[in-house]
Amino acid sequence: MSAELVALGAAGVAAGLLARGGRRLALPTIPAFMAAGIVLGPSVTGVIDHPEDIELVAKIGLVVLLFHLGIEFPAEQVLASGKRMLLAAFGYIGLNVGGGLALGFTIGWGTPEALVIAGAVGISSSAIVTKLLVELRRLTNAETPVILGVIVVEDIFLALYLGLLGPVLGGADSPAAMLGELGLTFGFILGLMLLARFGARAVHVIVRSDEDELVTVIAIGLAILVAGFAEQLGVSDAIGALMIGLVVSRTAAKHQIERLILPVRDAFAAIFFVVFGATIQLDALGPVLLPVAAAVALSLVMNVLGGVVLARSHGLNQRSAANAALVLLGRGEFSLILATLAIGAGLDERIGPFVALYVLVLALVGPVLAARSHRLSRALPNRLLGGSFRYVGQETMVRSCPHTDVVAAEPVSDGCDDCRTLGDEWVHLRSCLTCGYVGCCDDSKNKHATRHHESTQHPAIVSIEPGESWRYCYVDRVLAPGVRTRRPSPPEQSRPDQA
């Protein structure tokens, strides 16, 4: 028993110290926890010489992690997202999971392994994504609600995917057996969804208390109980934990439990990631180097395509597409959960090293690329985004700006009159939101729109080019979505061709 206590204590200290060091490099905590496990595992120091001895604690970490995820699940946000958001999110997921499935079959380890690889490669880490958004100060960007919508929809997809994967990992030996296990899994999910819909008050009676200590004990006990009951039924314990979290999220005690469970989740989830890392033998990484390199390259390509899909569906520009693509590149807890289930089911032993190395590489590369997303935006052709951001594709888009959220003055001309006076031509036209002055863009010879801002201090302009619908704030140097503004037609006698 003392050896297990030493292993657990070392896991916590090593994970915390490595994560603290990683924070100085702006790296997420999950790869640091995994690295601590590899260092402490039998292939390096041997402090955790038998990871299976503390596997129960790691499983509790997995249960609490998914339980908290279920509690956090914003069902109202999903329902309010609208058809466009859901279609865009499923398009992004379809690209990444479909690409992962193709990769899995190409590697040739087997059909169950291909399905695990598809999920591990296709689902972003909500923890890494949200931390990146905060650290990169992009919470007010126009693409951020779309990114958050994607990770919310991915949570739904995870529950469904775990349900579909259960019979495959369970080794159903016939189509009838597989259908039976699928029916049991989705029947279990449906039962808990009905409980969330109609039995939330009864659950609240069980978990409620004026003492935080008792609420914590009951809530964690309930999560472990339902997860264990699910496993006894032949359903994944991960499904049980996730769904009972969703049930608790419908009770009046949701926010209290969410607050109390958070530090417990952090401590136990760290142990889960450390133990997963401890199961990885360093000499097992060599055979998966090529598949991991292919998976990383595939994820980069599919995420860029997915970012374009998200941006185009929401009228965003190249910079927003690149931001979404590279922020969503992070893979973490979901991938490791799937790998853990695959290892427990006795699938190909290369799954564990493959997912571990894949997550580590993206955890290191992802934040670096996300911080430099402006470079990717330069390489995205304008036609991919619908042709409306020809000269402002690299500008940061925000949801709103006080200088652009105004009723625009009507354009006072059909062209740049100052250019006409000089006998010069222009490239594109911009109209001042404050007074309606029409001037030429910064790609034109005279840059009259910017000169107008400098002389009047009027803060913002709107494009009046056909098909474009954006506004630009000179003060904050940001782009904002805007309604299309139609260029007025001049009186007949003022047309240059009739002079």
Show the numbers, then the answer: is there a side-chain contact (heavy atoms from CB on, under 4.5 Å) between V355 and T340?
-> CA-CA 10 Å; V355 173; T340 300; over 6 Å; no
All side-chain contact (heavy atoms from CB on, under 4.5 Å) counterparts of L194, not counting sequence neighbours | L190, F198
Is it true that a side-chain atom of R477 and a backbone atom of C473 form a donor plus acceptor pair closer than 3.5 Å?
-> no
Looking only at non-hydrogen atoms, find the nearest pair between S125 and G332 and report the distance.
-> CB-N, 3.4 Å
Take L385 and L316 through the test side-chain contact (heavy atoms from CB on, under 4.5 Å) and record every step on the way to the result.
-> CA-CA 7 Å; L385 279 300; L316 304 178; 5.8 Å; no
Test side-chain contact (heavy atoms from CB on, under 4.5 Å) applied to L195 and R250, step by step | CA-CA 10 Å; L195 180 62; R250 307 296 294 175; over 6 Å; no
Quick one: list whatever passes ring-ring contact (aromatic ring centres under 6.0 Å, His included) with H314, sequence neighbours left out.
-> none
Would you say the side chain of L347 lies within less than 4.5 Å of the side chain of I343, judging by non-hydrogen atoms?
-> no
Is any side-chain heavy atom of I461 less than 4.5 Å from a side-chain heavy atom of H453?
-> no
Side-chain heavy atoms of Y92 within contact of S124, under 4.5 Å | yes
Enumerate the residue pairs fulfilling ring pair (Phe, Tyr, Trp, His ring centres under 6.0 Å) with a member in residues 99-134, sequence neighbours excluded, ordered by first and then second residue.
-> W109-F354
Looking at S313 and R84, what are the two nearest heavy atoms and their distance?
-> O-CD, 2.9 Å
Can you tell me how far CG of L328 sits from CD1 of I123, rounded to the nearest 0.5 angstrom?
-> 12.5 Å
Tell me the salt bridge (Lys or Arg N to Asp or Glu O under 4.0 Å) pairs involving residues 426-440, sequence neighbours left out?
-> R430-E468
Any donor-acceptor N or O pair under 3.5 Å, side chains Q318, N382 | yes
Go through the structure and list residues passing side-chain contact (heavy atoms from CB on, under 4.5 Å) with D417, not counting sequence neighbours.
-> S413, R420
Quick one: which residue pairs count as a salt bridge (Lys or Arg N to Asp or Glu O under 4.0 Å) with a foot in residues 444-462, not counting sequence neighbours?
-> D424-K445
Does the side chain of T456 reach to within under 4.5 Å of the side chain of C435, using non-hydrogen atoms?
-> no
Inter-residue atom distance L305.CG - L310.CG, 0.5 Å rounding = 11.0 Å
Under the ring-ring contact (aromatic ring centres under 6.0 Å, His included) rule, collect the residues that match up with F188, sequence neighbours excluded.
-> none
Side-chain contact, heavy-atom cut-off 4.5 Å: E333 with F273?
-> yes
Which residues pass the side-chain contact (heavy atoms from CB on, under 4.5 Å) test with P353, sequence neighbours left out?
-> I280, A284, L285, V288
Should we count CZ of R378 as having more than 12 external heavy atoms under 6.0 Å?
-> yes
Review item, side-chain donor-acceptor pairs of residues 401-408, under 3.5 Å, at least two apart:
{"residue": "H403", "atom": "ND1", "partner": "D476", "partner atom": "OD2", "Å": "3.3"}
{"residue": "T404", "atom": "OG1", "partner": "C401", "partner atom": "O", "Å": "3.2"}
{"residue": "D405", "atom": "OD2", "partner": "C401", "partner atom": "N", "Å": "3.4"}

Return the minimal non-hydrogen interatomic distance between L380 and V308, and the atom names on each side.
-> CD2-CG2, 4.3 Å
Contact summary for V309 and A88, nearest pair of heavy atoms | CG1-O, 4.3 Å
Who passes side-chain contact (heavy atoms from CB on, under 4.5 Å) against D237, sequence neighbours left out?
-> K59, A227, E231, L341
Look at atom NE2 of H374 and say whether more than 12 heavy atoms of other residues, nucleotides or ligands are closer to it than 6.0 Å.
-> yes
Side chains of E465 and C441: does their closest heavy-atom pair fall under 4.5 Å?
-> no
Kindly compute the distance separating CG (L246) from CE (M193), expressed to the nearest 0.5 Å.
-> 7.0 Å
Distance col, row E258:CD vs F67:CZ, nearest 0.5 angstrom, shows 10.5 Å
Walk me through it: do K254 and I71 pass the test side-chain contact (heavy atoms from CB on, under 4.5 Å)?
-> CA-CA 7 Å; K254 170 188 174 177; I71 294 174; 4.0 Å; yes
Atom CD1 in I464, atom CG in D414: separation rounded to 0.5 Å?
-> 8.5 Å
Sequence neighbours excluded, the answer for ring-ring contact (aromatic ring centres under 6.0 Å, His included) partners of Y472 is Y474
For residues 142-153, run the donor-acceptor check on the side chains, cut-off 3.5 Å, and write out each pair with its distance to 0.1 Å, sequence neighbours left out.
{"residue": "E143", "atom": "OE1", "partner": "S320", "partner atom": "OG", "Å": "3.2"}
{"residue": "E143", "atom": "OE2", "partner": "N141", "partner atom": "ND2", "Å": "2.9"}
{"residue": "E143", "atom": "OE2", "partner": "N323", "partner atom": "ND2", "Å": "3.0"}
{"residue": "T144", "atom": "OG1", "partner": "R138", "partner atom": "O", "Å": "2.4"}

With the side chain counted from C-beta on, respond yes when L158 and E154 share a heavy-atom pair under 4.5 Å apart, and no when they do not.
-> no
Take atom CZ in R259; do more than 12 heavy atoms of anything else shown fall under 6.0 Å from it?
-> yes
Are any of the side-chain heavy atoms of L357 and L289 separated by less than 4.5 Å?
-> yes
d(D418 CG, N446 CG) to nearest 0.5 Å is 8.5 Å
Closest approach of A311 and N317, non-hydrogen atoms and distance?
-> CB-O, 4.1 Å
Do we see a donor-acceptor contact under 3.5 Å between the side chains of R331 and N96?
-> yes
Between A322 and S373, the two heavy atoms sitting closest are CB-O, 3.4 Å
